[in-house]
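Computation of the quantities below employed the complete heavy-atom set of this structure, encompassing side-chain atoms and omitting hydrogens, waters and symmetry-equivalent molecules. Sequence positions, counted from 1, serve as the residue numbers for this chain.
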Amino acid sequence: MTPAALETPVPDRDTAAGVADEQTPLERLMARGRLRVMLSMLGPAFVAAVAYVDPGNFATNLQGGARFGYELLWVVLLANLMAMLVQYLSAKLGIATDRNLPELCRERLPRWSSWALWIQAEVMAMATDVAEFLGAAIGLNLLFGVPLLVAGLLTGVIAFAILELQRRGYRRFELAIAALLGIVFAGFVYETFHIGPSAHLALRGFIPHLGGSNALYVAVGIVGATVMPHVIYLHSALTNGRVPVTNDRERRQVLRFERVDVIIALTLAGAINLAMLAVFAKLFHTPALSGIATIQDAHAEIGRLVGGGAALAFAVALLASGASSSSVGTFAGQVVMAGFVGIRIPMVLRRTVTMLPALVILALNVSATDALVLSQVILSFGIPFALVPLVVLTGRRDVMGAQVNGRLVSLAAYAVAAGITAMNVFLIAQQILG
(Lines give C-alpha, C1' and ligand atoms only; values in the text may rest on other atoms or scores of the structure.)
Protein backbone atom coordinates (compact mmCIF):
# COMPACT_ATOMS: atom_id res chain seq x y z
CA MET A 1 0.00 0.00 0.00
CA THR A 2 1.42 3.37 -0.98
CA PRO A 3 1.75 6.28 1.48
CA ALA A 4 -0.78 8.19 -0.56
CA ALA A 5 -3.35 5.49 0.11
CA LEU A 6 -2.92 5.99 3.88
CA GLU A 7 -3.66 9.69 3.76
CA THR A 8 -7.05 10.89 4.93
CA PRO A 9 -8.76 12.75 2.12
CA VAL A 10 -9.46 16.39 2.95
CA PRO A 11 -12.90 17.54 1.76
CA ASP A 12 -13.01 20.71 -0.25
CA ARG A 13 -14.97 23.75 0.94
CA ASP A 14 -18.06 22.91 -1.07
CA THR A 15 -18.18 19.40 0.40
CA ALA A 16 -17.78 20.71 3.97
CA ALA A 17 -20.51 23.28 3.39
CA GLY A 18 -22.75 20.53 2.04
CA VAL A 19 -22.23 18.43 5.17
CA ALA A 20 -23.03 21.46 7.38
CA ASP A 21 -26.19 22.10 5.39
CA GLU A 22 -27.28 18.50 5.97
CA GLN A 23 -27.02 18.89 9.74
CA THR A 24 -30.17 19.63 11.70
CA PRO A 25 -30.35 22.79 13.85
CA LEU A 26 -29.82 20.68 16.99
CA GLU A 27 -26.81 18.91 15.49
CA ARG A 28 -25.24 22.24 14.59
CA LEU A 29 -25.87 23.42 18.14
CA MET A 30 -24.43 20.23 19.66
CA ALA A 31 -21.28 20.65 17.56
CA ARG A 32 -20.44 23.74 19.62
CA GLY A 33 -19.78 21.63 22.73
CA ARG A 34 -21.96 20.29 25.53
CA LEU A 35 -21.31 23.14 27.97
CA ARG A 36 -22.20 25.82 25.43
CA VAL A 37 -25.29 23.87 24.45
CA MET A 38 -26.35 23.62 28.08
CA LEU A 39 -25.88 27.33 28.67
CA SER A 40 -27.86 28.18 25.54
CA MET A 41 -30.69 25.87 26.64
CA LEU A 42 -31.01 27.38 30.11
CA GLY A 43 -33.63 30.09 30.35
CA PRO A 44 -37.29 29.05 30.04
CA ALA A 45 -37.43 27.60 33.54
CA PHE A 46 -35.73 30.70 34.97
CA VAL A 47 -38.48 32.85 33.48
CA ALA A 48 -41.05 30.55 35.06
CA ALA A 49 -39.13 30.46 38.36
CA VAL A 50 -39.50 34.22 38.82
CA ALA A 51 -43.22 33.67 39.39
CA TYR A 52 -42.33 31.36 42.28
CA VAL A 53 -40.55 34.13 44.17
CA ASP A 54 -42.91 37.00 43.43
CA PRO A 55 -44.03 39.48 46.13
CA GLY A 56 -46.88 37.15 47.05
CA ASN A 57 -44.24 34.80 48.41
CA PHE A 58 -42.85 37.61 50.54
CA ALA A 59 -46.30 38.16 52.06
CA THR A 60 -47.21 34.49 52.65
CA ASN A 61 -43.75 33.63 53.97
CA LEU A 62 -43.86 36.67 56.26
CA GLN A 63 -47.18 35.62 57.77
CA GLY A 64 -46.13 31.96 57.89
CA GLY A 65 -42.82 32.65 59.60
CA ALA A 66 -44.10 35.30 62.02
CA ARG A 67 -47.21 33.43 63.14
CA PHE A 68 -46.05 29.83 62.99
CA GLY A 69 -42.26 29.96 63.13
CA TYR A 70 -40.58 27.19 61.17
CA GLU A 71 -43.73 25.05 61.20
CA LEU A 72 -44.62 25.58 57.52
CA LEU A 73 -41.20 24.90 55.99
CA TRP A 74 -42.48 21.52 54.88
CA VAL A 75 -45.28 23.24 52.95
CA VAL A 76 -42.72 25.38 51.09
CA LEU A 77 -40.65 22.29 50.26
CA LEU A 78 -43.67 20.29 49.14
CA ALA A 79 -44.97 23.16 47.01
CA ASN A 80 -41.58 23.49 45.34
CA LEU A 81 -41.43 19.77 44.52
CA MET A 82 -44.93 20.08 43.04
CA ALA A 83 -43.71 23.04 40.99
CA MET A 84 -40.79 21.05 39.57
CA LEU A 85 -43.11 18.31 38.34
CA VAL A 86 -45.65 20.75 36.92
CA GLN A 87 -43.13 22.93 35.09
CA TYR A 88 -41.36 19.89 33.68
CA LEU A 89 -44.65 18.60 32.26
CA SER A 90 -45.41 22.01 30.76
CA ALA A 91 -41.95 22.22 29.19
CA LYS A 92 -42.31 18.68 27.85
CA LEU A 93 -45.67 19.50 26.28
CA GLY A 94 -44.14 22.40 24.35
CA ILE A 95 -41.15 20.35 23.17
CA ALA A 96 -43.21 17.31 22.13
CA THR A 97 -46.00 19.14 20.31
CA ASP A 98 -44.60 22.53 19.24
CA ARG A 99 -47.78 23.94 20.77
CA ASN A 100 -48.46 25.63 24.08
CA LEU A 101 -51.03 24.44 26.60
CA PRO A 102 -53.75 27.04 25.81
CA GLU A 103 -53.45 26.29 22.07
CA LEU A 104 -53.86 22.57 22.65
CA CYS A 105 -56.85 23.19 24.91
CA ARG A 106 -58.48 25.20 22.11
CA GLU A 107 -57.72 22.47 19.58
CA ARG A 108 -58.68 19.45 21.69
CA LEU A 109 -61.47 20.64 24.03
CA PRO A 110 -65.01 21.86 23.32
CA ARG A 111 -65.20 25.55 22.44
CA TRP A 112 -67.22 26.43 25.55
CA SER A 113 -64.61 24.88 27.86
CA SER A 114 -61.80 26.74 26.13
CA TRP A 115 -63.58 30.05 26.69
CA ALA A 116 -64.37 29.12 30.31
CA LEU A 117 -60.72 28.26 30.93
CA TRP A 118 -59.70 31.57 29.38
CA ILE A 119 -62.05 33.58 31.63
CA GLN A 120 -60.77 31.94 34.81
CA ALA A 121 -57.18 32.36 33.58
CA GLU A 122 -57.77 36.10 33.18
CA VAL A 123 -59.12 36.27 36.75
CA MET A 124 -55.97 34.50 37.90
CA ALA A 125 -53.89 36.99 35.87
CA MET A 126 -55.48 39.87 37.74
CA ALA A 127 -54.81 38.16 41.08
CA THR A 128 -51.21 37.67 39.97
CA ASP A 129 -50.88 41.33 39.04
CA VAL A 130 -52.17 42.36 42.45
CA ALA A 131 -49.24 40.61 44.10
CA GLU A 132 -46.64 41.74 41.59
CA PHE A 133 -47.65 45.39 41.38
CA LEU A 134 -48.18 45.80 45.09
CA GLY A 135 -44.86 44.18 45.86
CA ALA A 136 -42.87 46.29 43.43
CA ALA A 137 -44.70 49.43 44.57
CA ILE A 138 -43.85 48.66 48.20
CA GLY A 139 -40.22 48.07 47.18
CA LEU A 140 -40.03 51.48 45.48
CA ASN A 141 -41.70 53.07 48.48
CA LEU A 142 -39.25 51.51 50.91
CA LEU A 143 -36.18 52.38 48.86
CA PHE A 144 -37.04 55.87 47.64
CA GLY A 145 -40.08 57.01 49.60
CA VAL A 146 -42.25 57.10 46.47
CA PRO A 147 -46.00 57.23 47.32
CA LEU A 148 -47.56 53.81 46.76
CA LEU A 149 -49.95 54.84 43.97
CA VAL A 150 -47.18 56.60 42.04
CA ALA A 151 -44.92 53.60 42.70
CA GLY A 152 -47.59 51.34 41.18
CA LEU A 153 -47.61 53.41 38.00
CA LEU A 154 -43.81 53.34 37.88
CA THR A 155 -43.96 49.55 38.18
CA GLY A 156 -46.00 49.46 34.98
CA VAL A 157 -43.32 51.50 33.22
CA ILE A 158 -40.58 49.15 34.48
CA ALA A 159 -42.55 46.12 33.30
CA PHE A 160 -42.89 47.60 29.80
CA ALA A 161 -39.17 48.29 29.66
CA ILE A 162 -38.35 44.66 30.50
CA LEU A 163 -40.95 43.38 28.02
CA GLU A 164 -39.36 45.49 25.28
CA LEU A 165 -36.33 43.19 25.59
CA GLN A 166 -38.56 40.24 24.69
CA ARG A 167 -39.52 41.94 21.44
CA ARG A 168 -35.84 42.18 20.57
CA GLY A 169 -35.21 38.46 21.14
CA TYR A 170 -36.11 35.90 23.77
CA ARG A 171 -32.50 35.54 24.96
CA ARG A 172 -32.22 39.14 26.15
CA PHE A 173 -35.50 38.83 28.01
CA GLU A 174 -34.41 35.57 29.65
CA LEU A 175 -31.07 37.01 30.72
CA ALA A 176 -32.73 40.10 32.22
CA ILE A 177 -35.19 37.95 34.17
CA ALA A 178 -32.43 35.60 35.34
CA ALA A 179 -30.39 38.61 36.52
CA LEU A 180 -33.33 39.91 38.56
CA LEU A 181 -33.86 36.43 40.01
CA GLY A 182 -30.16 36.46 40.94
CA ILE A 183 -30.66 39.73 42.83
CA VAL A 184 -33.49 38.19 44.87
CA PHE A 185 -31.32 35.13 45.58
CA ALA A 186 -28.33 37.25 46.60
CA GLY A 187 -30.53 39.31 48.91
CA PHE A 188 -31.72 36.30 50.85
CA VAL A 189 -28.33 34.63 50.91
CA TYR A 190 -27.13 37.78 52.65
CA GLU A 191 -30.13 37.78 54.99
CA THR A 192 -29.67 34.10 55.88
CA PHE A 193 -25.99 34.32 56.75
CA HIS A 194 -26.40 37.67 58.50
CA ILE A 195 -29.42 36.66 60.60
CA GLY A 196 -28.67 32.95 61.09
CA PRO A 197 -31.97 31.04 61.42
CA SER A 198 -31.98 28.05 63.78
CA ALA A 199 -30.86 24.91 61.93
CA HIS A 200 -32.42 22.65 64.59
CA LEU A 201 -35.84 24.28 64.45
CA ALA A 202 -35.68 24.48 60.66
CA LEU A 203 -35.13 20.72 60.42
CA ARG A 204 -38.14 20.14 62.69
CA GLY A 205 -40.15 22.38 60.36
CA PHE A 206 -39.83 19.81 57.58
CA ILE A 207 -41.99 17.36 59.55
CA PRO A 208 -45.53 17.71 58.11
CA HIS A 209 -48.07 19.14 60.55
CA LEU A 210 -50.58 22.00 60.71
CA GLY A 211 -51.76 23.86 63.79
CA GLY A 212 -55.36 24.62 62.88
CA SER A 213 -57.35 26.46 60.21
CA ASN A 214 -55.26 29.64 60.48
CA ALA A 215 -52.16 27.67 59.54
CA LEU A 216 -54.10 26.03 56.73
CA TYR A 217 -55.08 29.41 55.31
CA VAL A 218 -51.45 30.52 55.17
CA ALA A 219 -50.40 27.08 53.86
CA VAL A 220 -52.87 27.35 50.97
CA GLY A 221 -51.50 30.84 50.29
CA ILE A 222 -47.95 29.45 50.20
CA VAL A 223 -49.00 26.80 47.67
CA GLY A 224 -50.83 29.44 45.63
CA ALA A 225 -47.75 31.65 45.69
CA THR A 226 -45.50 28.77 44.64
CA VAL A 227 -47.41 26.74 42.05
CA MET A 228 -48.54 29.54 39.74
CA PRO A 229 -51.25 28.92 37.11
CA HIS A 230 -50.02 31.47 34.59
CA VAL A 231 -46.52 30.00 34.31
CA ILE A 232 -47.99 26.53 33.83
CA TYR A 233 -49.40 27.98 30.60
CA LEU A 234 -46.33 30.06 29.82
CA HIS A 235 -43.61 27.43 30.14
CA SER A 236 -45.01 25.37 27.27
CA ALA A 237 -44.87 28.49 25.08
CA LEU A 238 -41.26 29.19 26.04
CA THR A 239 -40.07 25.72 24.98
CA ASN A 240 -42.07 25.03 21.84
CA GLY A 241 -39.94 25.65 18.76
CA ARG A 242 -37.04 27.00 20.82
CA VAL A 243 -34.74 24.51 19.06
CA PRO A 244 -36.31 22.93 15.96
CA VAL A 245 -36.24 19.14 16.20
CA THR A 246 -36.75 16.59 13.45
CA ASN A 247 -37.36 13.29 15.28
CA ASP A 248 -38.03 11.70 18.67
CA ARG A 249 -34.34 11.21 19.39
CA GLU A 250 -33.74 14.95 19.15
CA ARG A 251 -36.82 15.66 21.26
CA ARG A 252 -35.41 13.42 23.98
CA GLN A 253 -32.10 15.30 23.83
CA VAL A 254 -33.78 18.69 24.15
CA LEU A 255 -35.99 17.38 26.94
CA ARG A 256 -32.93 16.23 28.92
CA PHE A 257 -31.49 19.75 28.75
CA GLU A 258 -34.85 21.25 29.74
CA ARG A 259 -35.05 18.88 32.73
CA VAL A 260 -31.75 20.30 33.97
CA ASP A 261 -33.07 23.82 33.37
CA VAL A 262 -36.14 23.06 35.53
CA ILE A 263 -34.12 21.46 38.32
CA ILE A 264 -31.61 24.33 38.55
CA ALA A 265 -34.15 27.16 38.29
CA LEU A 266 -36.76 25.69 40.63
CA THR A 267 -34.13 24.62 43.17
CA LEU A 268 -32.95 28.23 43.22
CA ALA A 269 -36.52 29.48 43.70
CA GLY A 270 -37.15 26.90 46.41
CA ALA A 271 -33.99 27.90 48.26
CA ILE A 272 -35.13 31.53 48.22
CA ASN A 273 -38.54 30.64 49.67
CA LEU A 274 -37.11 28.39 52.36
CA ALA A 275 -34.57 31.05 53.35
CA MET A 276 -37.26 33.72 53.34
CA LEU A 277 -39.60 31.85 55.69
CA ALA A 278 -36.73 30.81 57.98
CA VAL A 279 -35.45 34.39 58.24
CA PHE A 280 -38.93 35.68 59.09
CA ALA A 281 -39.38 32.88 61.64
CA LYS A 282 -36.09 33.77 63.32
CA LEU A 283 -36.86 37.49 63.53
CA PHE A 284 -40.60 37.71 64.07
CA HIS A 285 -41.87 34.54 65.76
CA THR A 286 -41.90 36.14 69.18
CA PRO A 287 -44.76 37.27 71.43
CA ALA A 288 -44.04 40.88 70.53
CA LEU A 289 -43.73 40.50 66.75
CA SER A 290 -45.74 37.41 65.71
CA GLY A 291 -48.65 39.67 64.79
CA ILE A 292 -46.58 41.80 62.42
CA ALA A 293 -49.05 42.77 59.72
CA THR A 294 -47.33 44.42 56.77
CA ILE A 295 -44.22 44.14 54.62
CA GLN A 296 -43.43 47.76 55.50
CA ASP A 297 -43.46 46.89 59.21
CA ALA A 298 -41.24 43.88 58.51
CA HIS A 299 -38.76 46.11 56.68
CA ALA A 300 -38.68 48.56 59.57
CA GLU A 301 -38.18 45.77 62.12
CA ILE A 302 -35.40 44.18 60.07
CA GLY A 303 -33.62 47.53 60.10
CA ARG A 304 -34.14 47.90 63.84
CA LEU A 305 -33.17 44.33 64.78
CA VAL A 306 -30.41 43.58 62.28
CA GLY A 307 -29.30 46.83 60.67
CA GLY A 308 -29.69 49.00 57.60
CA GLY A 309 -27.80 46.63 55.30
CA ALA A 310 -30.28 43.80 55.89
CA ALA A 311 -33.23 46.15 55.45
CA LEU A 312 -31.76 47.43 52.17
CA ALA A 313 -31.19 43.88 50.89
CA PHE A 314 -34.81 43.04 51.71
CA ALA A 315 -36.20 46.09 49.86
CA VAL A 316 -34.00 45.57 46.79
CA ALA A 317 -35.00 41.89 46.61
CA LEU A 318 -38.67 42.86 46.87
CA LEU A 319 -38.38 45.41 44.06
CA ALA A 320 -36.49 42.97 41.80
CA SER A 321 -39.09 40.32 42.51
CA GLY A 322 -42.03 42.59 41.68
CA ALA A 323 -40.50 44.07 38.53
CA SER A 324 -39.48 40.73 37.04
CA SER A 325 -42.66 38.82 37.93
CA SER A 326 -44.84 41.65 36.60
CA SER A 327 -43.17 41.38 33.20
CA VAL A 328 -43.49 37.61 33.16
CA GLY A 329 -47.16 37.89 34.14
CA THR A 330 -47.91 40.19 31.20
CA PHE A 331 -46.10 37.87 28.80
CA ALA A 332 -48.10 34.93 30.15
CA GLY A 333 -51.34 36.85 29.69
CA GLN A 334 -50.62 37.29 25.99
CA VAL A 335 -49.98 33.55 25.63
CA VAL A 336 -53.21 32.70 27.49
CA MET A 337 -55.49 34.93 25.42
CA ALA A 338 -53.96 34.09 22.05
CA GLY A 339 -53.94 30.38 22.86
CA PHE A 340 -57.40 29.88 24.38
CA VAL A 341 -59.49 32.17 22.16
CA GLY A 342 -57.20 33.21 19.32
CA ILE A 343 -57.38 36.92 20.17
CA ARG A 344 -54.40 39.24 20.43
CA ILE A 345 -54.57 42.71 21.94
CA PRO A 346 -51.88 45.37 22.29
CA MET A 347 -49.55 44.75 25.23
CA VAL A 348 -50.27 48.23 26.57
CA LEU A 349 -53.99 47.51 26.78
CA ARG A 350 -53.45 44.16 28.51
CA ARG A 351 -51.03 45.67 31.01
CA THR A 352 -53.44 48.51 31.77
CA VAL A 353 -56.48 46.29 32.34
CA THR A 354 -54.76 43.71 34.54
CA MET A 355 -53.01 46.30 36.71
CA LEU A 356 -56.24 48.18 37.53
CA PRO A 357 -57.20 46.09 40.62
CA ALA A 358 -53.77 46.69 42.13
CA LEU A 359 -53.98 50.42 41.47
CA VAL A 360 -57.45 50.54 43.06
CA ILE A 361 -56.09 48.82 46.17
CA LEU A 362 -53.25 51.33 46.34
CA ALA A 363 -55.60 54.28 45.81
CA LEU A 364 -58.00 53.09 48.54
CA ASN A 365 -55.11 52.54 50.98
CA VAL A 366 -56.17 48.94 51.64
CA SER A 367 -53.62 46.84 53.54
CA ALA A 368 -51.24 45.78 50.77
CA THR A 369 -49.93 42.76 52.67
CA ASP A 370 -53.42 41.37 53.38
CA ALA A 371 -54.29 41.88 49.71
CA LEU A 372 -51.13 40.03 48.72
CA VAL A 373 -51.99 37.00 50.86
CA LEU A 374 -55.59 36.95 49.63
CA SER A 375 -54.40 37.11 46.01
CA GLN A 376 -52.24 34.03 46.59
CA VAL A 377 -55.17 32.10 48.06
CA ILE A 378 -57.22 33.02 44.98
CA LEU A 379 -54.38 31.82 42.77
CA SER A 380 -54.35 28.42 44.44
CA PHE A 381 -57.95 27.95 43.28
CA GLY A 382 -56.83 28.40 39.67
CA ILE A 383 -54.13 25.74 39.81
CA PRO A 384 -56.37 22.70 39.05
CA PHE A 385 -57.83 24.47 35.98
CA ALA A 386 -54.35 24.69 34.50
CA LEU A 387 -52.94 21.48 35.92
CA VAL A 388 -55.71 19.00 35.02
CA PRO A 389 -55.68 19.81 31.27
CA LEU A 390 -51.87 19.64 31.37
CA VAL A 391 -51.90 16.18 32.94
CA VAL A 392 -54.64 14.91 30.62
CA LEU A 393 -52.90 16.13 27.47
CA THR A 394 -49.40 14.95 28.45
CA GLY A 395 -50.93 11.54 29.21
CA ARG A 396 -52.36 11.15 25.69
CA ARG A 397 -50.19 9.33 23.15
CA ASP A 398 -52.01 10.93 20.22
CA VAL A 399 -50.85 14.31 21.55
CA MET A 400 -47.39 13.52 22.92
CA GLY A 401 -46.26 10.61 20.77
CA ALA A 402 -43.20 8.92 22.25
CA GLN A 403 -42.98 11.58 25.00
CA VAL A 404 -46.29 10.55 26.59
CA ASN A 405 -46.29 10.45 30.40
CA GLY A 406 -45.62 7.18 32.11
CA ARG A 407 -48.22 5.89 34.54
CA LEU A 408 -46.20 6.90 37.61
CA VAL A 409 -45.75 10.49 36.38
CA SER A 410 -49.46 10.79 35.59
CA LEU A 411 -50.42 9.47 39.02
CA ALA A 412 -48.06 11.91 40.72
CA ALA A 413 -49.47 14.84 38.72
CA TYR A 414 -53.06 13.86 39.44
CA ALA A 415 -52.14 13.55 43.12
CA VAL A 416 -50.81 17.12 43.05
CA ALA A 417 -54.02 18.42 41.49
CA ALA A 418 -56.17 16.42 43.93
CA GLY A 419 -54.14 17.57 46.93
CA ILE A 420 -54.39 21.24 46.05
CA THR A 421 -58.11 20.94 45.33
CA ALA A 422 -58.67 19.17 48.66
CA MET A 423 -56.82 21.93 50.52
CA ASN A 424 -59.02 24.55 48.91
CA VAL A 425 -62.25 22.70 49.68
CA PHE A 426 -61.18 22.22 53.29
CA LEU A 427 -60.28 25.89 53.55
CA ILE A 428 -63.73 26.93 52.31
CA ALA A 429 -65.41 24.59 54.81
CA GLN A 430 -63.31 25.96 57.65
CA GLN A 431 -64.17 29.54 56.76
CA ILE A 432 -67.89 28.77 56.49
CA LEU A 433 -68.13 26.63 59.61
CA GLY A 434 -65.60 28.55 61.67
Side-chain angles (χ1 to χ4, degrees), residues 38 41-49 51-52 74-105 107-109 117 208 223-224 226-243 245 247-270 335 339 380 382-424:
M38 174 59 68
M41 290 286 193
L42 295 178
F46 282 81
V47 173
Y52 293 95
W74 70 273
V75 177
V76 176
L77 177 61
L78 180 62
N80 201 70
L81 294 175
M82 290 179 181
M84 284 187 176
L85 173 61
V86 170
Q87 296 307 141
Y88 170 69
L89 291 182
S90 181
K92 183 166 78 165
L93 182 73
I95 292 168
T97 67
D98 285 332
R99 296 280 193 280
N100 61 55
L101 177 56
E103 288 173 339
L104 285 167
C105 287
E107 293 173 6
R108 302 276 177 166
L109 299 178
L117 286 171
V223 173
T226 305
V227 184
M228 301 288 279
H230 68 288
V231 290
I232 297 176
Y233 300 123
L234 177 62
H235 205 158
S236 57
L238 295 170
T239 57
N240 82 67
R242 181 183 178 87
V243 178
V245 293
N247 53 50
D248 288 332
R249 179 185 61 82
E250 291 194 339
R251 286 188 179 88
R252 285 194 296 271
Q253 284 182 293
V254 173
L255 192 56
R256 281 197 292 270
F257 287 117
E258 186 55 33
R259 191 180 299 125
V260 174
D261 187 30
V262 169
I263 291 172
I264 294 174
L266 271 296
T267 297
L268 182 63
V335 169
S380 72
I383 296 168
F385 294 101
L387 185 53
V388 171
L390 174 67
V391 179
V392 170
L393 289 169
T394 53
R396 289 178 54 173
R397 188 169 294 277
D398 62 321
V399 175
M400 299 292 290
Q403 307 306 321
V404 65
N405 287 345
R407 181 171 297 181
L408 185 61
V409 172
S410 291
L411 287 174
Y414 277 119
V416 169
I420 293 171
T421 303
M423 288 179 71
N424 293 333

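Remark: side-chain polar atoms of Ser90 are paired, donor with acceptor, to backbone N or O of Ser236 under 3.5 angstrom. Side-chain atoms of Asn80 come within 3.5 Å of backbone atoms of Leu266 as a donor-acceptor pair (strictly under, hydrogens ignored). Judged purely by atom type and a 3.5 angstrom limit, Gln87 uses its side chain to pair as donor or acceptor with the backbone of Val231. For Thr394 (side chain) and Asn405 (main-chain N/O), no donor-acceptor pair under 3.5 Å exists by modelled atom type.
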message: With side-chain contact (heavy atoms from CB on, under 4.5 Å) as the criterion, how do Leu109 and Leu117 come out once you've worked through the C-alpha distance, each side chain's angles and the decisive distance to 0.1 Å?
response: CA-CA 10 Å; Leu109 299 178; Leu117 286 171; 3.9 Å; yes

- prompt: Stepwise, does the side-chain contact (heavy atoms from CB on, under 4.5 Å) test hold for Asn100 with Tyr233?
  reply: CA-CA 7 Å; Asn100 61 55; Tyr233 300 123; over 6 Å; no

field: Intermediate values then yes/no, side-chain contact (heavy atoms from CB on, under 4.5 Å), Leu85 and Met82
entry: CA-CA 5 Å; Leu85 173 61; Met82 290 179 181; 6.0 Å; no

query: Would Asn240 and Thr97 satisfy side-chain contact (heavy atoms from CB on, under 4.5 Å), going step by step from the backbone distance to the final call?
result: CA-CA 7 Å; Asn240 82 67; Thr97 67; 5.8 Å; no

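Note that CD1 of Ile95 is 11.0 Å distant from CG of Leu238, once rounded to the nearest 0.5 Å. In this structure, the separation between CZ on Arg259 and CE on Met41 is 13.0 Å, given to the nearest 0.5 Å. The line from CG of Leu390 to CD1 of Ile232 is 7.0 Å long, rounded to the nearest 0.5 Å. Considering CG of Leu387 and CG of Leu101, their distance stands at 9.5 Å, rounded to 0.5 Å. Rounding to the nearest 0.5 angstrom, the gap separating the NE2 atom in His235 from the OH atom in Tyr88 is 11.0 Å. The line from CD of Gln253 to CG of Leu255 is 11.0 Å long, rounded to the nearest 0.5 Å.
Taking Arg252 as the reference, nothing meets the side-chain hydrogen bond (donor to acceptor under 3.5 Å, both in side chains) condition, with sequence neighbours excluded.
Using a 4.5 Å heavy-atom cutoff, the side chains of Ile383 and Val416 are not in contact. Two residues are said to be in side-chain contact when any heavy atoms from C-beta on lie closer than 4.5 Å; Asp261 and Thr239 fail this criterion. A heavy-atom distance below 4.5 Å is found between the side chains of Met400 and Leu93.
Shown here for Ser410 and Val391, the closest heavy-atom pair between the two residues is O-CG1, 4.1 Å. The minimum heavy-atom distance linking Pro384 with Pro389 is given by the pair O-CD, 3.8 Å.
Evaluation of the salt bridge (charged side-chain N to carboxylate O under 4.0 Å, His left out) test over residues 74-102, restricted to residues two or more places apart or in two chains, returns Arg99-Glu107.
The 12-atom threshold is exceeded at CZ of Arg249, counting heavy atoms of other residues, nucleotides or ligands nearer than 6.0 Å.
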